[in-house]
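Here is how names work: the chains are called A, B, and so on, in the same order as the sequence lines, proteins then strands, and each is numbered from 1.
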Amino acid sequence: MSTNTVDRQTQSAPPARRRGATLTQRQGRWGLLFAAPATIHIALWTGLPVVVSIILSFTNYDMLNPPEFSGIDNYVTLANDPVFWKALGNNFIMAVVGIPISMLISLALAVMLNQGLRGNSIFRTAVFLPHVTATVAIAMIWLWIYSPGGNGLLNIVLGFFGLPNQAFLASPSQALPSVILVTIWQGIGLKMMIYLASLQGIDQQLYEAADIDGASAVQKFFRITIPMLKPVTFFILVTSIVGNFQTFDLIYNLTNGGPANSTTVITYQIYQTAFQQFRMGLATAQSVVLLVVLVVLTIISRKVTGGKDD
Amino acid sequence: MTDTAFPGTIDAPVGTEQESARLKADRRQERRAKRASASKQRRISRFALTIFLIVVSVVMAMPFVWMFLTSVRSSPEIYSADMPLWPTEWHWENFTVALERAPFGIYARNSFIIAAVHTISNLVLGSMAGYALAKIRFRGASVLFGFILASMMIPFYAIVIPEFLMIRFVPFAGGNDLFGQGGTGWYDTWWALLIPALVSPFNIFLFRQFFISTPTELMEAARIDGASEARTFVQIMAPLIRPGMLTVALLAFEAGWNNFLWPLLVTSSTNLRTIQLGLSVFRQEAGTEFNLLMAGTTMAAVPMIVMFFFFQKQFVNGFVGSGIK
C-alpha cells in the first residue's frame, strides 16, 4: 500500500490509472479492516498458544517458578510412562472398535431412511438428539443407566433375561466397553445424517441403468451405493478419529479415567498432568503429541479428499 | 421399480382372434396377480422396516425417557431393590429440591450469557472476515486464508494450557503487574469465560463458503451507486446469507451452552459456573440421589433439546456441513 503512494508521487501516472489504483487500494484496505479483528483474535488465542505449547514442552514448569529448559526430557518421560501409553491405547481401542460399529449402524439406518418411509422426521430426531445434547448431561444419564445396583436400567434389562447384575463402569474390564457403547450411541446420529445427505446426492440414473440391466437390489447396493459413498465414508472416518482423540467431557464425568486407568484417554491425561499435578511442561508435551497426531490425520484427509476445502 | 409390468410388451402371434383374446385376458390376470403379490410383499417389507425403525428410535431415545422418568421418582423408589419401570408416584418437587440444593438458575443464566455473546461475536467477527476472504481482493488474503485453515486443525486440547496461562498472567488484571505476576489475572472472571472463544476459525471458514456463492454483481452495483464498503457489506451482502447466519448462530450457541472444560479450568466461584459445570459439581452434591441428579440433568439438557426441535433442519445442515462437533 505504501509503495503505491510512493509510485504515485514519483511516477505521476495518468489520472485514469491513478483512480483505478486508489479504488483497489481502498478495497484492499477495507478487506484488511474486515478481516483484522478475527485474525488478530485467532493469532492471539490459537496461533500464540501453539507456539507457547511447543516451547513449554521443552521445559520444566510448575507455574510458581519460571520455566526451566529441560531439552527432550518431557518426551523421554512420556515415552517411558505406562499410563500415557495406556491412554493412547485406550484412544486407539475406542477408535478401532467404536467408530466402525457406529459407521456400520449409521450406514444401515441411512439406507433404510432413504426409502422415504412415513415418520422419517421423528426417527431422525430421535437418532440425532444425543448429538445435540451436552456430553455432561449424557454422562449423567449413562452413569445412572450403568448403575451397578439392581436399579440401573441395564441391570434391570439383564435381570429380565435372568442374567446376573454387572458392575459396568466400576469394573476395570467392562468400563472401556461401556464407555465405547455411549460413544456409539452418541455418534450414530451425525454419521447417519451425513450418509443420508450423501445417499440423496447419488445420481438416480445409475440405479435406473442398473435396473435395465436387471441388477438385483443387493447388487445395486454393493456395486453402486457402496462405491459412491467411498469419499464420504473416508471423511466420516477421519473426522470421527479426530473427534475420538478429543473425548474428554464423557471420561471426566463418567469414569474419571478409572477404574485403574482402564478408561483414561490422552485429553484426560493432559488435564490431570496440567491442572492436578501442575506439571505444565510435561502436560504441554502430551498436548504436542496430540497436536501432531491430529494435524497429520487432518492433512492426510485433506490430501485424499482433494483439497475440497479450497 | 421392477415389479410393474413393462407396458410395451408385444403379444406373441396367436391363431384365432378368440384364442388371442382369451390368452390376453389370462395374461392380464396373471400380471395383475403378480403385481398384487409384489406390492403386497413390498408393503410387508415396508411395514417391517417401519417397525424396525420405531424400535431403533425407542432404543435411541430411551436414555432421555429414563432420565425424565427418574427425575420424578421418589427417593425410596430409586433405592428399592425392585424399582418399577414406571414411577408409581410423580414427584415434581424433585425439581424444586434440586434448585434449592444448587443454583441452576444462575448456572443457566451464565451459560445463556456466554452462549449469546459467543453467538453474536461469531456472527459479527466471523462474517466480516469470511466476507473479506471471499469477496475482497487484498494483499495477503491467500496467506490469511491458509492461516485460518491451519488454525482449524488445531485441537482445543493442544492449546488449552497456554490459553489458561494467558488468562492467569494478563497484565494489570486481578492484581497482576506489567509482567502478569502477583495476582490471578482474569482467572475466575467473566473475561476468562468470554474472550478466548469470541470467534472460531471454523465459523470464518463457513462464512467464506457462504459468501463465495453470493453474486459479486450486486456488490459491484452497490459500489457504482456510491455505497461505501461497510454499507455494501451490512445492507447488501450480509442479508444474502441469512440462512448461513442462522446455521452459524446455532452452532455457536450450542458450543457455548454445552461447553464444559474451559469453565471448569478458569472458574472457581459458584456465581460463574456454567450449567454443564454446575451439573458436574452437583453430581458430588447429589451423591446417589439419582432422582435429584436426573432433575438437574433434565434442566441442563432440555433447553438445547427444545432449540433443536425448533431449528431441526438448520441444526442438521450445520452439523452435516461441518462434520465436526
So which part of [X] gets closer than 4.5 Å to some heavy atom of chain B, the side chain, the backbone, both or neither?
X: A:L56; answer: side chain
X: A:L196; answer: neither
X: A:A43; answer: both
X: A:F248; answer: both
X: A:A197; answer: side chain
X: A:V288; answer: neither
X: A:Y61; answer: side chain
X: A:Y271; answer: side chain
X: A:L129; answer: both
X: A:I141; answer: both

Does any heavy atom of chain A fall under 4.5 Å from the side chain of [X], the backbone, both, or neither of them?
X: B:I212; value: neither
X: B:I136; value: side chain
X: B:I275; value: neither
X: B:V59; value: backbone
X: B:Q276; value: both
X: B:A230; value: both
X: B:L144; value: side chain
X: B:L198; value: both
X: B:Y157; value: both
X: B:R137; value: backbone
X: B:L277; value: neither
X: B:L133; value: neither

Verify ring pair (Phe, Tyr, Trp, His ring centres under 6.0 Å) between B:F315 and A:F128, making sure each step is shown before the conclusion.
CA-CA 10 Å; B:F315 256 115; A:F128 201 72; 7.9 Å; no
Output the distance between atom [atom1] ([X]) and atom [atom2] ([Y]), rounded to the nearest 0.5 Å.
X: B:I159; Y: A:T284; atom1: CD1; atom2: OG1; value: 13.5 Å
X: B:F260; Y: A:N253; atom1: CZ; atom2: CG; value: 4.5 Å
X: B:M128; Y: A:W30; atom1: CE; atom2: CH2; value: 9.0 Å
X: B:M166; Y: A:L44; atom1: CE; atom2: CG; value: 4.0 Å
X: B:M60; Y: A:L109; atom1: CE; atom2: CG; value: 8.0 Å

Closest heavy-atom contact between A:G31 and B:A132?
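It is O-CB, 3.4 Å.
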What are the two closest non-hydrogen atoms of A:A35 and B:F138, and how far apart are they?
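Closest pair (atom of A:A35, atom of B:F138, distance): CB-CZ, 4.3 Å.
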Tell me whether the rings of B:Y131 and A:F34 are parallel (<30°), tilted (30 to 60°) or perpendicular (>60°).
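Perpendicular: the ring planes of B:Y131 and A:F34 meet at over 60°.
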[X] (side chain) donor-acceptor with [Y] (main chain) under 3.5 angstrom:
X: A:S53; Y: B:A158; result: yes
X: B:N258; Y: A:V132; result: yes
X: A:H41; Y: B:I195; result: yes

Taking B:M62 as the fixed residue, which of A:L153, A:V157, A:I145 is the one that meets the side-chain contact (heavy atoms from CB on, under 4.5 Å) rule?
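Among the candidates, only A:L153 passes.
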